[in-house]
There are 2 protein chains.
Amino acid sequence: MVGAGQLARMTQQAAIALGQSIRVLAESEEDGAALVTPNAEFGDYRSLPDLRRFAASCDVVTFDHEHVPAEHIRALAEAGVTVLPGADALRYAQDKAAMRVRLTELGVPGPRWLDLSDAASADDTRRALVEFGREVGWPLVVKAITGGYDGRGVWVLDSIQDADPMLAAGTSLLAEELADIDFEVAAVVARSPFGQGASWPVVETVQVGGICTEVIAPAPRLPALLADQAESLALRLAAELDVVGILAVELFVTRSGRLLVNELAMRPHNSGHWTIEGSRTSQFEQHLRAVLDYPLGVTTQTAPVVVMANVLGGPDDTKPALDERVHHLMAKWPDVKIHLYGKGFRPGRKVGHVTALGHDLDTVRARARAAAEYLANGDRAEVDAHE
Amino acid sequence: MVGAGQLARMTQQAAIALGQSIRVLAESEEDGAALVTPNAEFGDYRSLPDLRRFAASCDVVTFDHEHVPAEHIRALAEAGVTVLPGADALRYAQDKAAMRVRLTELGVPGPRWLDLSDAASADDTRRALVEFGREVGWPLVVKAITGGYDGRGVWVLDSIQDADPMLAAGTSLLAEELADIDFEVAAVVARSPFGQGASWPVVETVQVGGICTEVIAPAPRLPALLADQAESLALRLAAELDVVGILAVELFVTRSGRLLVNELAMRPHNSGHWTIEGSRTSQFEQHLRAVLDYPLGVTTQTAPVVVMANVLGGPDDTKPALDERVHHLMAKWPDVKIHLYGKGFRPGRKVGHVTALGHDLDTVRARARAAAEYLANGDRAEVDAHE
């Protein structure tokens, strides 16, 4: 697995059960997955020689993130390395403009969009954006076409003046209409090289400041008809784009009850962490089954309501110390499942997650939120879970 | 963790979630846990210098087996190493005579027994065994006092002549009455240094030739009153013996409806593998919580019926190859959970296990057995699971 963050770390848990030996291409010994896998390779995922050296020891190469340059993935494949998902599929998770073009061709609903990257000058870009703003209205959304994640590289602009820093930086940009969002959901599916597809229940993803804080399975506010549409759409996209492994389709549900595709990810995804305990087959096991060309596992939910809450690092001086917070959390909520990624705590950084399972949405959700909040912020947290 | 077999391998999965870095003292690079943990230390668990070197890098030392000499564990503890469970507790899992003495003192029911190790000569031992046979009747059971596992070091003797090989070998022996066994169960519990106890539902363990082949949770034939007694007994023993971590109490249920203690184990145990998917907290997570002095997790069962079946290696030339068997198994039973230990297949060796979950005992059990049988024996297997 190229990349050694929490996704690779959790994939290692699934690999152990399947009798597989996973290796990671890590940046540092402190990477979450480098801490828990033997013989981590250290190198730069942007360097073709490093990738080649790493791939030489692997039967299959897959990814913990989408930042490996497409030309390197193609070079590996041409040299006979099995790389999954392949460069042609991964492109639609790497390049937001290419994704919008393709989805529009496929007739998949999304916000109105404009590729600003081919304007001849910053002035031309500005003029095109002004024109687009006239058409879709302000505020609107501007995104870096490549390299963004967790809300980085995405800006909501109130007026053309707000675009100046991005225009000055020379970033390749895509403009999108700001959808009339009621709430957000994600449809996570897997696809094997053989073409087998498997889908988990569609989840609601709660976002704060562009970062996902909670995932609720199944999406409680989503009408059954839209849930079916979202699952079908994700399975169709996985096939059309020839994805192998996990495909996460992030969707807006508009106030008028439409589904609009927001983003695609082709790897285990934050919106699927709940499947570790919440589904008979976790997204990490499913990703491995897919890239290793095994049949996929069943995706039955193990409890009627499953809520995952991210632990976002608080300030350095959070009291009590992390270990003591874990202790208190386990004592107070012995049923909450804890996942720590082995990372240092930094404000806003995803350092772990918790999962709660049960029957009553309000109870389960309150418990997951309170546990995550306490783990992140300790005595600063406002802990208020129904018992 | 001293020892790097499948128990350490599965403990690594739990350690990853808890943000812990587990190290193993392995015998070889091919050991199941050495394949999936970084920086494995290689050495001999019978060597105090090797143990000291290993312990120097650990906050807490615990065990994947019970074969570390008690005097070495005491020496580590005296040098300030936190070793859990401690030597005084572990003694009762290492020394079957000491276990019988202590359990008899505690008034815990077991088969009648006789320590043959203090006889002055082989002739004296023989005479004592003849006398014991007159008292409890033949056949009877003779066990090596130390070092046995998976049916090794346990013999059922029809007459005194059958004892000759063991007497000639000079092994320290314990004799036990052959109980009138209806079926076997195991009560698995955990205890923290703080004294907190947690217990899983009592399971039925199906034994073939002294090796456990299946574990059924909860034990379907065990009357509720006896199940309560078995749980209480295991929790009481964990406290009386000052166990920290997992204690597995293997019990006979006699035809007259009595519970008799057969064996004790103080580590994650084969009769608890079902808890990985079958309980909200697995025995591996619970063992870590206990030895790290965290509060214990809830032990709620995640499905009404959970069946674990061991995969016992078949002959070398089993067809089709393992990888293809895994493929077929996943296609036929996408709901069965597979656990492979990364070991070479040898006839009779525990190389993995499968777990099935559901509502109907017959269906779930048939599925687990068929999957395990097919994984072990391929085309030779008689696969006959109800769909």
Side-chain angles (χ1 to χ4, degrees), chain A residues 6 9-22 29 32-40 194 196 198 276-277 280-281 285 289 292-300 302-303 322-323 326-343 351-353 355 357, chain B residues 6 9-22 29 32-40 194 196 198 276-277 280-281 285 289 292-300 302-303 322-323 326-343 351-353 355 357:
Chain A
Q6 63 262 31
R9 184 179 170 102
M10 291 185 272
T11 304
Q12 162 72 338
Q13 294 178 292
I16 290 172
L18 297 180
Q20 298 291 332
S21 294
I22 202 172
E29 287 184 2
L35 294 170
V36 300
T37 55
N39 307 315
F194 185 72
Q196 188 191 6
I276 297 176
E277 295 91 2
R280 198 60 76 213
T281 305
E285 176 179 342
R289 285 182 180 232
L292 296 170
D293 199 7
Y294 284 120
L296 303 178
V298 294
T299 53
T300 321
T302 61
L322 174 62
D323 191 62
V326 171
H327 200 108
H328 290 172
L329 191 159
M330 286 180 170
K332 187 165 171 66
W333 296 293
D335 60 317
V336 167
K337 303 316 294 179
I338 298 176
H339 295 264
L340 293 171
Y341 305 153
K343 289 177 175 182
V351 291
H353 74 264
T355 303
L357 304 97
Chain B
Q6 64 261 32
R9 185 179 169 101
M10 291 184 271
T11 303
Q12 162 71 339
Q13 294 178 293
I16 289 172
L18 297 180
Q20 299 290 332
S21 294
I22 203 172
E29 288 184 2
L35 294 169
V36 300
T37 55
N39 306 316
F194 186 71
Q196 187 191 6
I276 297 175
E277 295 91 3
R280 199 60 75 214
T281 305
E285 177 179 342
R289 285 182 180 231
L292 296 170
D293 199 6
Y294 284 120
L296 303 178
V298 294
T299 53
T300 321
T302 61
L322 174 62
D323 191 60
V326 171
H327 201 107
H328 289 173
L329 191 159
M330 286 179 170
K332 186 164 171 67
W333 296 293
D335 60 317
V336 167
K337 303 316 294 179
I338 297 178
H339 296 263
L340 293 171
Y341 305 154
K343 289 178 174 181
V351 291
H353 75 263
T355 303
L357 303 96

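Reminder, nothing fancy here: chain letters follow the sequence lines and each chain counts from 1.
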Quick check on [X] against chain A: is it the side chain, the backbone, both or neither that has a heavy atom closer than 4.5 Å?
{"X": "Asp323(B)", "result": "both"}
{"X": "Tyr341(B)", "result": "neither"}
{"X": "Thr281(B)", "result": "both"}
{"X": "Ala40(B)", "result": "neither"}
{"X": "Lys343(B)", "result": "neither"}
{"X": "Leu329(B)", "result": "neither"}
{"X": "Gln196(B)", "result": "neither"}

**Report entry** Contact class of Glu285(A) relative to chain B, heavy atoms under 4.5 angstrom
**Finding:** side chain
Requested in this report: Tell me, out of Val351(A), Ile338(A), Ile276(A), who's got the most heavy-atom pairs with chain B below 4.5 Å.
Outcome: Ile338(A)
Query raised in the report: Quick one: are Leu357(A) and Arg280(B) in side-chain contact, heavy atoms under 4.5 Å?
Result: yes
**Report entry** Side-chain heavy atoms of Leu18(A) within contact of Met330(B), under 4.5 Å
**Finding:** yes
Report task. Using side-chain contact (heavy atoms from CB on, under 4.5 Å) as the criterion, list what pairs up with Ala17(A), not counting sequence neighbours. Result -> Gln13(B), His339(B)
Quick one: which of [options] has the most heavy-atom pairs under 4.5 Å with chain A, could you say?
{"options": "Thr302(B), Thr299(B), Leu296(B), Thr37(B)", "value": "Thr37(B)"}
{"options": "Pro295(B), Ala15(B), Gly19(B)", "value": "Pro295(B)"}
{"options": "Leu292(B), Val326(B), Leu322(B), Thr300(B)", "value": "Val326(B)"}

Query raised in the report: Are any side-chain N or O atoms of Gln12(B) and backbone N or O atoms of Val36(A), one a donor and one an acceptor, separated by less than 3.5 Å?
Result: yes
Query - Those residues that, when tested against Arg9(B), pass salt bridge (Lys or Arg N to Asp or Glu O under 4.0 Å) (two or more places apart) - result: none
